[in-house]
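Taking it in order: structure first as C-alpha cells, then the write-up.
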Number of protein chains: 2
Amino acid sequence: MAQSEPLYQRIAAGLREQIRTGQIKAGERLPTEQDLMADHGVSRNTVRLALGMLQNEGMVTSTPGRGTIVRERIMADYHATWAESRDRRASDQADAFQSEMAEQGRHAEYRDFAMSLEVAGPDFSKRLQVAEGEPVVSRGFIRYADNQPLSLQTSYYPMDIAREAGLVVPNDVAGGAIRAMAAVGHEEIGYRDEITARMPTPDEARKLQLGSGTPVIIYARTTFSDKRPLRLTLTTFASDRNRVIYELGDMRAYLAQEDADA
Amino acid sequence: MAQSEPLYQRIAAGLREQIRTGQIKAGERLPTEQDLMADHGVSRNTVRLALGMLQNEGMVTSTPGRGTIVRERIMADYHATWAESRDRRASDQADAFQSEMAEQGRHAEYRDFAMSLEVAGPDFSKRLQVAEGEPVVSRGFIRYADNQPLSLQTSYYPMDIAREAGLVVPNDVAGGAIRAMAAVGHEEIGYRDEITARMPTPDEARKLQLGSGTPVIIYARTTFSDKRPLRLTLTTFASDRNRVIYELGDMRAYLAQEDADA
DNA sequence: CGAAATTTGTGCGTATGTATA
DNA sequence: TTATACATACGCACAAATTTC
C-alpha cells in the first residue's frame, strides 16, 4: 500500500482536480461542508482543513450562508515599459492607466490620495541616497477599475527635489510629478525596477479586498537623473487582478500578431 | 469596548508584532503551543489557527519536535534585462546566473534537466502562434544556489524551429538554445515579459521546497524574430528567495552610487 | 418584510501519530 | 529510550451571514 497522504490533503486534491478539469467552473459552488463530510465519511474539522488548503491557494472563497465558490480572475495589464511615458496628463503617475482601462471598456479612477512627510527608513535611505532619519515626501493613492481596487501606489521624493518641484502639497499636481520635476531640471533618464511577491499584510488585504490566498506583487521603481535618484515608487498589486508587462527590443512580430487577432 | 476581533487573530497579531519589533528574531523559536494556550487561556485549536495565519503569511515554519521558528530570507536577483545576453556559454538559458551567483560567493547549478514533447494548450498556442493540439518542444531545469532550489524554468519551442536548431535532444545544447536558433536564421530581437504571482501548486511547493505561506512569481518571456514568436520561457521563482530586476535607460547615476557603496 | 433554514466562522474538548531533541 | 512538540483526526456547540420561503 502506498504511504497514504493525510485525509484532508486527499480531499483537497480531489476538489482541485474537479476545478482544474472544469467539472466545477469559476463562480460555481463547491459541495457544502456537510456534503463533503458525508461523501468522505470524515469530521467537519477535516473537511475544513481541505477547504482551507484551497483557500490558501487562492482557488476558492468561502462566505457564511453562501458556501464555497471557485474564484475567477480578471487581469489588468500594467505596462511598465511605457505606463509613465504616455498621456501623462491627469495626476502623479496616474496616466496611461486610465486610457488603457478605457480601451478595455472599464472605468478607471484614483482614490484616497494622500501626501505626507515621512522619516526615511533604511530602505528609502539607501535607494534615494538620503540619510536615515531625514524626512522624505510621500505621495500615494489607490487605483480602482470598475469600483474594484487594483493596486496601492506610493511615491517617495527627496525633500529638496519635492520642494523645488512643488510636490509638497496635499493634492494632485497638474501634468504629473514627473513633468514637475523635469521642469526644474530633474529629468528622469534611468529606471531600476525590482519585482517580488509576498503575502499581504492585513492592512494591504483590507485595502485591496484580497481573498485569503492571494499574494501581492511588490513593484519598486527607482528613477534617476544623470546625477542622482529622483524618486522611489512602491506599487502593491493584487496578484489576482494584475500582470506587469515589459516589452523590450523590436516588437514588430508581436504587433503584427496582435493586429491579426483583432 | 472595541468590537473584538476573533481570539486567534488577536493572538496572531501579538506574535506578528513581536517578530516585527525584533523581540523574536529570525531563526528563533516562538512560544510552544502549550505556552500560548496557558498565556492566553485558550484551547489548542485556537492557538493553531493563530499559528496557521503566520505560516500562511510566510513568517514562520513549524516542525514537529522542534517548534515554530521565524523564517529568514535570502535574496537572489534575476536581471531580466541582461540575464540572457551575457556570458551565454553553458546551457539553454543557463548563463548569467552562474557568473552572478559566483560573484556573490555562492555555488550555482542546474538540476533535473528534461526535454519532452507536449501538446500545445491554449496558453502556448496563443503565445507561440501554434495551433492548439500541435506538439511543441519543452526543455526545462531547476536552478539551485548553495543546494537550495531557486526557480523552475521551462522553455517551449515551435516544433519546426526546434528541429532546425537541433533542440530535440534530451540534453544541454552547447552555446545555448538562443545561439542555436540564431545560427539557423531565427534571431531573437524582441521580448515580451509578463509577470504575475500566485500561490504554488503542491508540486511546485515540493520542488522549490516552499514554506506554506510563500507565493511564487510567474515570469513568462515570449521572444520574437522579425517574423514570428520563437520561444516561450516560463520561470517559476520562489518569491522569498528571488527578485526580478529591470534596468532601463541611462543608469549612470545608479552605477556611480553602487561604486560608492562598494 | 420577517422567519426559518442553510452554510460557514469561531471556539471548546479529546485522542493518537510522528518527527525531533 | 524518553520526553517534547507539532500533525492529523474525531467529536460538539453556538454565532454570524446569506438565502429561501
Side-chain angles (χ1 to χ4, degrees), chain A residues 1-15 19 24 27-71 202 205-206 209-213, chain B residues 1-15 19 24 27-71 202 205-206 209-213:
Chain A
M1 170 168 22
Q3 151 66 6
S4 65
E5 73 184 333
L7 260 177
Y8 75 96
Q9 290 183 25
R10 283 200 69 78
I11 296 171
L15 293 169
I19 293 168
I24 310 176
E28 289 181 2
R29 275 187 25 171
L30 263 57
T32 68
E33 295 180 354
Q34 290 299 331
D35 290 343
L36 291 169
M37 286 168 69
D39 292 352
H40 297 89
V42 298
S43 74
R44 183 158 175 237
N45 218 315
T46 304
V47 165
R48 283 183 64 76
L49 281 176
L51 294 175
M53 281 194 85
L54 300 186
Q55 283 189 46
N56 290 335
E57 289 161 19
M59 301 189 72
V60 304
T61 50
S62 298
T63 326
R66 182 179 305 170
T68 300
I69 285 160
V70 179
R71 285 245 285 264
R206 187 177 48 76
Q209 294 173 27
L210 294 173
S212 94
Chain B
M1 174 164 26
Q3 152 65 4
S4 65
E5 71 184 336
L7 258 177
Y8 74 95
Q9 290 183 23
R10 283 200 67 78
I11 295 171
L15 292 169
I19 293 168
I24 310 176
E28 287 182 3
R29 272 186 28 170
L30 263 56
T32 68
E33 294 181 353
Q34 291 300 330
D35 290 343
L36 292 169
M37 287 168 69
D39 291 352
H40 298 88
V42 298
S43 75
R44 180 151 179 244
N45 218 316
T46 304
V47 164
R48 282 182 65 74
L49 282 175
L51 294 175
M53 281 194 83
L54 301 186
Q55 283 188 47
N56 290 334
E57 289 161 19
M59 300 190 73
V60 304
T61 50
S62 296
T63 326
R66 182 180 305 168
T68 300
I69 284 159
V70 179
R71 285 245 286 265
R206 187 178 48 76
Q209 295 173 26
L210 294 174
S212 94

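Note on naming: letters A, B, ... go to the chains in the order of the sequence lines (proteins, then strands), and numbering restarts at 1 for each one. What you are looking at is a predicted structure, and each value in this text was computed from that prediction instead of being measured.
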Using OP1 and OP2 only, check whether a side-chain N or O of [X] sits under 4.0 Å from [N].
X: A:Arg29; N: C:dT7; result: yes
X: B:Gln9; N: C:dT10; result: yes
X: A:Thr68; N: C:dT7; result: no
X: B:Arg66; N: D:dA5; result: no
X: A:Thr63; N: C:dT7; result: no
X: B:Tyr8; N: C:dT10; result: yes

Legend entry - Nearest listed nucleotide, side chain of A:Pro6, among D:dA9, C:dT7, C:dT10: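 The nucleotide sitting nearest to the side chain is D:dA9.
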
Inset, instruction - Please determine, for the side chain of B:Pro64, which listed nucleotide (D:dA9, C:dT18, D:dA17) has the closest atom? - result: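 Ranking D:dA9, C:dT18, D:dA17 by closest atom to the B:Pro64 side chain puts C:dT18 first.
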
Legend entry - Interatomic spacing from CG in B:Leu7 to CG in B:Leu49 - rounded to 0.5 Å: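 It comes to 10.5 Å.
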
Legend entry - Atom pair CE (B:Met53) and CG (A:Asn56), whose distance is rounded to the nearest 0.5 Å: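 That separation rounds to 10.0 Å.
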
[X] has an atom [atom1]; how far is it from atom [atom2] of [N], in whole Å?
X: B:Asp35; N: D:dT4; atom1: CG; atom2: P; value: 12 Å
X: B:Met53; N: C:dT10; atom1: CE; atom2: P; value: 9 Å
X: A:Leu30; N: C:dT8; atom1: CG; atom2: P; value: 9 Å
X: A:Met37; N: D:dA9; atom1: CE; atom2: P; value: 14 Å
X: A:Gln55; N: C:dT10; atom1: CD; atom2: P; value: 10 Å
X: B:Leu49; N: C:dT8; atom1: CG; atom2: C1'; value: 14 Å
X: A:Glu33; N: D:dC10; atom1: CD; atom2: P; value: 14 Å
X: B:Gln34; N: D:dA7; atom1: CD; atom2: P; value: 13 Å

Legend entry - Nearest-nucleotide 5' precedence on DNA chain D, A:Arg44 against A:Leu7: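 Per heavy-atom nearest nucleotide, the more 5' residue is A:Leu7.
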
Legend entry - Residue met sooner reading DNA chain D from 5', once A:Asn45 and A:Gly65 are mapped to nucleotides: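 Result of the comparison: A:Asn45.
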
Inset, instruction - Go through the N and O atoms of the side chain of A:Arg48 and the base of D:dA9, and report whether any donor-acceptor pair is under 3.5 Å. - result: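 Side chain to base: no pair present.
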
Do you know the tightest heavy-atom contact between [X] and [Y]?
X: A:Ala50; Y: A:Ile11; answer: CB-CG2, 3.8 Å
X: A:Arg66; Y: A:Ile69; answer: CD-CD1, 3.3 Å
X: A:Leu15; Y: A:Pro31; answer: CD2-CD, 4.3 Å

